[in-house]
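Contents: one structure, followed by commentary.
Values in this document were obtained by computation on a predicted structure and should not be read as measured data.
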Amino acid sequence: MFGSRRPRVLAALGAALAIAMLASCNNRMGNTAEGATSDTDASRSGTKPNIVYVLTDDLAWNLVKYMPHVQEMQKKGMTFSNFFATDSLCCPSRTSILTGQFPHNTGVFTNSGDDGGYRAFLKNGNEKKTFGPAMQRAGYRTGFMGKYLNGYQPGDKNGTDKPYVPAGWDEWDVAGEGYNEYNYELNENGKVVPYGKAPQDYLTDVLSKKATSFIGSSAEEKKPFMLEVATFAPHGPYTPAPRDKGKFPGLKAPQTDAYDKATLNAPEWQRSLSPLTSKEQKGIDRNFAKRARSVQAVDDMIGQLEKTLEDKGLADNTYIVFGSDNGFHMGEHRLRTGKQTAYDTDINVPLMVTGPDVPAGKKVSQLAENVDLNPTFLDLAGVDPPSTVDGRSLGDLMHGRTEDEWRDAVLVEHHRAASKKGDPDAAPKNAGDPPTYAAMRTDDSLYVEYTDGEREFYDLDSDPEQLNNRAASLSAEQRAALHRTLTALQRCKGAESCQDASRTDS
């Protein structure tokens with residue numbers, strides 16, 4: 001049942017199996033290749049690089065082909081093909097991006113309630129851990145625009161005398177309910193500004209204008225800058241810009257081998273899923289076309305940001321990072337439109353990087369995760385990431401340098417929400433709503449433990465679509481090894497601890 005690249009988590013289960021498992025695990029945490037220079041050292045002694053991070057909402061890999069500027073980023077820079085989210089859900093994922101920590105260390109597991117949303121983010125002291133304050137202390141001009149965290153409202157004062165702006169951000173243009181792209185409010189540096197339904201109020205375009213303005217003013221001040229632009233697109237209701245409404249007529253959703261296929265030996269929460277009806281399939285096709293239209297404005301924004309950087313003479317010293325908070329499934333495993341599972345449709349998300357000394361057209365296959373972004377941004381700015389982050393800088397990898405030691409597994413943590421009230425990501429009744437789980441993704445396997453006692457194990461060499469759950473065929477020794485490593489990941493705290501836990505032969 002095991003392929004030729006079985007992960008080290010099963011290394012102790014027999015010599016023959018161990019040899020097969022060890023073949024793909026050559027990269028570990030360590031120093032850069034001998035003789036390589038550090039961009040971090042260069043940034044400390046010279047001009048600090050600028051960073052522009054474009055974060056989309058619910059954008060899956062299958063939308064990249066409709067985004068020419070993103071595809072151009074792949075040609076000009078580096079693509080991380082094995083980049084994962086700590087949870088395929090907005091608020092916990094975004095919290096991990098901002099803080100560099102896993103949900104079990106941020107206390108943010110859902111979009112609302114005691115264990116999620118903006119209130120849990122504040123209650124657990126996460127705001128001071130974000131990369132904004134650290135970048136600002138390092139001399140950067142910092143900006144945050146678009147979507148922050150579920151439950152955030154532009155008029156929130158949080159004990160102050162005016163709409164609250166978190167410490168660490170020089171420019172703050174953040175919305176609350178911006179999913180419709182119209183009729184929203186922005187907290188613009190402490191002032192709530194309403195927007196209507198005119199074409200010029202389309203939120204992604206508004207963010208694009210504000211972002212280009214921020215770049216221009218930073219250039220005038222001759223200061224390095226860190227800018228995050230977080231769009232609501234392509235999150236439902238998938239509203240396109242007026243100019244894009246007629247694009248892609250007749251476009252249908254891609255149908256992988258997992259489309260409308262039941263999982264063999266499926267966990268209990270999937271067993272009641274019926275085949276997709278013709279009406280449901282047509283609805284999936286309509287929604288996919290809407291999603292493709294809604295990302296056109298995001299792609300336009302990337303092009304505009306690139307042009308602005310060129311015009312200001314900043315392009316050669318600016319990293320552009322493009323990504324998504326989580327993926328999205330549309331009919332795979334017979335799951336109706338949604339996310340929140342541990343399958344690759346939901347957790348494996350795009351990450352592309354262009355910038356100084358980033359090799360063109362290269363791919364990174366090492367396992368990376370959104371907890372790595374905080375330490376990456378700090379590292380690029382010449383700041384040593386704090387030991388409290390759970391992730392690691394991707395700086396060496398994005399510059400084509402080899403890491404002597406790297407992780408063998410990434411952790412995914414998901415809590416089933418206690419309430420669906422007001423949650424824009426709540427799963428419909430017939431969509432398939434997984435119970436609370438923890439999962440471990442290696443380069444060639446997926447292992448999931450549900451709180452109801454069920455388990456999933458997929459051999460990705462022979463089953464890349466994750467359709468044949470082989471958990472029942474694992475030996476007791478194999479199950480124990482998998483559980484031991486997953487438990488270590490769930491308990492890790494800090495970069496060193498989490499790196500040790502991610503070594504699947506530990």
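Side chains of R503 and T485: a donor-acceptor N/O pair is absent below 3.5 angstrom, by distance only. Side chains of T86 and E413: a donor-acceptor N/O pair is absent below 3.5 angstrom, by distance only. No hydrogens or angles considered: nothing links the side chains of S208 and D300 as a donor-acceptor pair under 3.5 Å.
Here D156 pairs with R119 in a salt bridge; the nearest charged N to carboxylate O distance falls below 4.0 Å. For the pair R407 and E369, the salt-bridge criterion is not met [side-chain N within less than 4.0 Å of a carboxylate O]. Between E228 and K147 no salt bridge is recorded (no basic side-chain N to carboxylate O distance below 4.0 Å). Using a cut-off of 4.0 Å between Lys/Arg side-chain N and Asp/Glu carboxylate O, D205 and R243 are scored as salt-bridged. Salt bridge D325/R94: present, at least one basic N to carboxylate O contact under 4.0 Å. Between E171 and K210 there is no salt bridge, since no side-chain nitrogen of the basic residue lies less than 4.0 Å from a carboxylate oxygen of the acidic one. The pair D390-K493 does not meet the salt-bridge criterion, since no charged nitrogen lies less than 4.0 angstrom from a carboxylate oxygen.
When all heavy atoms of P49 and P224 are compared, the closest pair comes out as O-CB, 4.4 Å. K157 and Y164 get closest at one heavy-atom pair: O-CB, 3.6 Å. Between G100 and P375 the shortest heavy-atom distance is CA-CD, 4.5 Å. Of all heavy-atom pairs between D115 and S112, the closest is OD1-O, 3.7 Å. When all heavy atoms of N317 and T47 are compared, the pair lying nearest together is ND2-CG2, 3.4 Å. The shortest non-hydrogen separation linking K129 to N105 is NZ-O, 3.6 Å.
Looking at E306 and I320, their side chains come closer than 4.5 Å, going by heavy atoms from C-beta outward. L309 places a side-chain heavy atom less than 4.5 Å from the side chain of I215. Contact check for T95 versus F102: no side-chain heavy atoms found under the 4.5 Å cut-off. The shortest side-chain heavy-atom distance between F288 and N62 falls under the 4.5 Å cut-off. Side chains of D372 and S393 form no contact here, defined as non-hydrogen atoms less than 4.5 Å apart. The side-chain heavy atoms of F109 and H414, taken from C-beta on, include no pair separated by under 4.5 Å. Within the 4.5 Å cutoff, no side-chain heavy atoms of E177 are placed close to those of N183. Inter-residue side-chain proximity for S96 and P103 is flagged as met; some heavy-atom pair is nearer than 4.5 Å.
Listed for the N82 side chain is no donor-acceptor partner under 3.5 Å among the backbone atoms of Q366. Judged purely by atom type and a 3.5 angstrom limit, T99 uses its side chain to pair as donor or acceptor with the backbone of Q101. In this structure a side-chain-to-backbone donor-acceptor pair under 3.5 Å is present from D201 to A198. Side-chain N or O atoms of T318 include none that pairs as donor or acceptor with a backbone N or O of A315 at under 3.5 Å. Judged purely by atom type and a 3.5 angstrom limit, Y437 uses its side chain to pair as donor or acceptor with the backbone of T341. Side-chain atoms of S497 do not come within 3.5 Å of backbone N or O of G494 as any donor-acceptor pair. Side-chain atoms of D87 do not come within 3.5 Å of backbone N or O of I347 as any donor-acceptor pair. Side chain of H235 to backbone of T56: no donor-acceptor contact under 3.5 angstrom is found. In this structure, T376 contributes its side chain and L394 its backbone to a donor-acceptor pair below 3.5 Å. In this structure, the side chain of D299 engages the main chain of V70 through a donor-acceptor pair within 3.5 Å.
To the nearest 0.5 Å, atom NZ of residue K307 and atom NE2 of residue H69 are 11.0 Å apart. The structure places OG1 of T142 at 6.5 Å from CZ of F214, a figure rounded to the nearest 0.5 Å. Of the inter-residue distances, the one linking S88 atom OG with D344 atom CG reads 11.0 Å to the nearest 0.5 angstrom. Of the inter-residue distances, the one linking L149 atom CG with N111 atom CG reads 9.5 Å to the nearest 0.5 angstrom. Put simply, CG on N50 and CG on D316 are 11.0 Å apart, with the number rounded to the nearest 0.5 Å. Interatomic distance, NZ of K48 versus OH of Y140, reported as 5.5 Å (0.5 Å rounding).
Counting heavy-atom neighbours within 6.0 Å of K128 NZ, excluding the residue itself, gives a total of 12 or less. For D114, the CG atom sits in a loose shell: 12 or fewer heavy atoms of surrounding residues, nucleotides or ligands are nearer than 6.0 Å. The local environment of NZ in K247 is crowded, with over 12 non-hydrogen atoms from other residues, nucleotides or ligands closer than 6.0 Å. Surrounding NZ of K76 are more than 12 heavy atoms belonging to other residues, nucleotides or ligands, all under 6.0 Å away.
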Walk me through whether Y238 and N287 qualify under side-chain contact (heavy atoms from CB on, under 4.5 Å). CA-CA 8 Å; Y238 328 118; N287 285 336; 3.6 Å; yes

Output, in order, the C-alpha distance, side-chain angles, deciding distance and verdict of side-chain contact (heavy atoms from CB on, under 4.5 Å) for M67 and L59. CA-CA 11 Å; M67 305 181 74; L59 187 142; 3.7 Å; yes

Is there a side-chain contact (heavy atoms from CB on, under 4.5 Å) between H399 and L380 once you walk through the steps? CA-CA 11 Å; H399 289 101; L380 293 176; 3.9 Å; yes

Could you please spell out the steps behind the salt bridge (charged side-chain N to carboxylate O under 4.0 Å, His left out) verdict for K312 and E220? CA-CA 9 Å; K312 300 297 181 182; E220 290 178 5; 5.3 Å; no

Test side-chain contact (heavy atoms from CB on, under 4.5 Å) applied to Y195 and L203, step by step: CA-CA 9 Å; Y195 288 78; L203 178 53; over 6 Å; no

Under the side-chain hydrogen bond (donor to acceptor under 3.5 Å, both in side chains) rule, what do Y179 and D57 come out as? Steps first, then yes or no, please. CA-CA 10 Å; Y179 297 100; D57 195 343; 4.7 Å; no

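Ring geometry for F377 versus F131: interplanar angle over 60°, hence perpendicular rather than tilted (30 to 60°). Between F121 and Y118, the angle of the ring planes stays under 30°, which puts this pair in the parallel group of the 30/60° scheme. Aromatic ring orientation, F83 versus F80: perpendicular (interplanar angle above 60°, classes split at 30° and 60°).
Note: Y148 and W172 meet the aromatic proximity criterion, with ring centroids under 6.0 Å apart.
F328 carries R291 over the face of its six-membered ring, with the cationic atom under 6.0 Å from the centre and within 45° of the normal.
Of the residues listed (T345, N348, D58), the one engaging N326 in a side-chain hydrogen bond (donor to acceptor under 3.5 Å, both in side chains) is D58, and it is the only one.
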